[in-house]
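Heads up, the thing below is written out as structure tokens.
When a ligand or atom number is given, it counts from 1 through the structure's own listing order. Reckoned from all heavy atoms, side chains included, excluding hydrogens, waters and symmetry mates.
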Amino acid sequence: MVDAERAASSRTLGQTWRALRDRFEAAGIPTAALDARLLVRHVLGLDQTGLIAREAEPWPAERGPALDALAARRLTGEPVARILGVQEFYGLSFGVNAATLVPRPETEMLVDFGLGCLRDRPAPRILDLGTGTGCIVLALLANLPRASGIGIDLSAEALDQARANAENLGVADRFEALAGDWFAPLTGGGFDLIVSNPPYIATGVIETLAPGVRDFDPMAALDGGPDGLAPYRIIASEAMDYLTPGGALALEIGHDQGHMVEALLKAAGFTDIGVASDLAGHDRMVTGFARK
Ligand SMILES: C[S@@+](CC[C@H](N)C(=O)[O-])C[C@H]1O[C@@H](n2cnc3c(N)ncnc32)[C@H](O)[C@@H]1O
């Protein structure tokens, strides 16, 4: 055994994750420390407390190849959530697969808005258009025990993931996943809330996105047509037919789409239209209500 190998094999868990953090930092990964900890924890089956408690223990050499394989994927730009197949959203764990977007923290705004609208309703019904992992509607169902919801997506593979997530969260009996184009699979309306985080990137801009998004998120989750607004035109013009009187519509938007989506909702007859910003101060959500 050469010295370098001996040194590596006598590393502690703490030294191992820090060495990985340093490699990630050197590669310019902005979340180097977090990513290194998550990959080491995954390989060892530890939670964060476990990793801290066992920092001084020797690294099990037989787990080295598994960690190297995950680290190599991260170094190609693949996001940790894709490598691990799981992402936290609204304090809940969501499985992700190749056909789903990785849920983003800014999307939690739609859940907050929905909870505000529905908390006092006896048995609210929710529709999530472009549901992906199901993160929006399932986070709402997890927090509203009397609510039920439908998630629609073009991708059957995404819907398989949404159904699995509903099972894991214990809300599968109140959730239905339907395949199809926006409202097409529905046989009726009567929804108290329609939410959607549709694809909203203009086709020509996709090439310029960060590699972790451009190369790993599914194109169907990103491409909003030539000006990024194609899904909003459809959703805004049809949503009213599927809402109860006074029902709400909440749409996630790109930072520069607020005025245009607001205009689409106005043209469709929505009232009390609002544009809300995310924590970074960017326009991120447009909301409106059907007349009572
Ligand atoms: C930006 S992702 C959002 C996924 C999830 N709701 C979230 O917030 O993480 C958009 C989703 O819309 C779906 N989608 C794209 N075009 C669609 C269409 N015409 N009808 C239904 N779903 C569509 C995609 O497959 C993708 O899952």
Ion pair [X]/[Y], N-O distance below 4.0 Å:
X      : Y      : answer
Arg284 : Glu108 : no
Arg104 : Asp217 : yes
Asp192 : Arg125 : no
Arg21  : Asp35  : no

For [X], the ligand 1 atoms whose distance to one of its heavy atoms is below 4.0 Å:
X      : answer
Cys135 : 7 (C), 8 (O), 9 (O)
Asp181 : 18 (C), 19 (N), 20 (N)
Gly132 : 4 (C), 27 (O)
Leu101 : 1 (C), 9 (O)
Ala220 : 15 (C), 24 (C)

Can you check whether [X] has an N/O within less than 3.5 Å of an N/O in ligand 1?
X      : value
Trp182 : yes
Leu154 : yes
Ser155 : no
Thr133 : no
Ala99  : no

[X] contact mode with ligand 1 (heavy-atom cut-off under 4.0 Å):
X      : value
Ala158 : neither
Thr131 : backbone
Thr107 : side chain

Heavy-atom neighbours of Arg41 CZ exceed 12 at 6.0 Å: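 Yes, enclosed.
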Residue from Ile126, Asp128, Ile150, Thr244 passing side chain to side chain contact (heavy atoms under 4.5 Å, CB included) with Phe191: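 By the side chain to side chain contact (heavy atoms under 4.5 Å, CB included) criterion, Phe191 pairs with just one of Ile126, Asp128, Ile150, Thr244: Ile150.
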Option set Ile234, Asp153, Leu129, criterion heavy-atom distance to atom 26 (C) of ligand 1, minimum: Asp153
Cation-pi check, Arg37 onto Trp17 ring (under 6.0 Å, within 45° of axis): yes
Side-chain touch Met285/Met109, heavy atoms, less than 4.5 angstrom: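 Side-chain contact under 4.5 Å: yes.
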Flag side-chain contact, heavy atom, 4.5 Å: Leu39 against Leu84: yes
Which residue holds the protein heavy atom closest to [atom], what is that atom called, and what is the gap in Å?
atom                    : result
atom 10 (C) of ligand 1 : Asn197 O, 3.3 Å
atom 12 (O) of ligand 1 : Gly130 CA, 3.2 Å
atom 1 (C) of ligand 1  : Ala221 O, 3.0 Å

Min heavy-atom dist Gly180 to ligand 1 below 4.0 Å: yes
Plane angle bin for Phe89 and Phe94 - parallel if under 30°, tilted between 30 and 60°, otherwise perpendicular: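 Rings of Phe94 and Phe89: perpendicular, over 60°.
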Polar contact flag, side-chain donor to acceptor under 3.5 angstrom, Ser93-Glu88: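 Checked: Ser93/Glu88 side chains show no N/O donor-acceptor pair below 3.5 Å.
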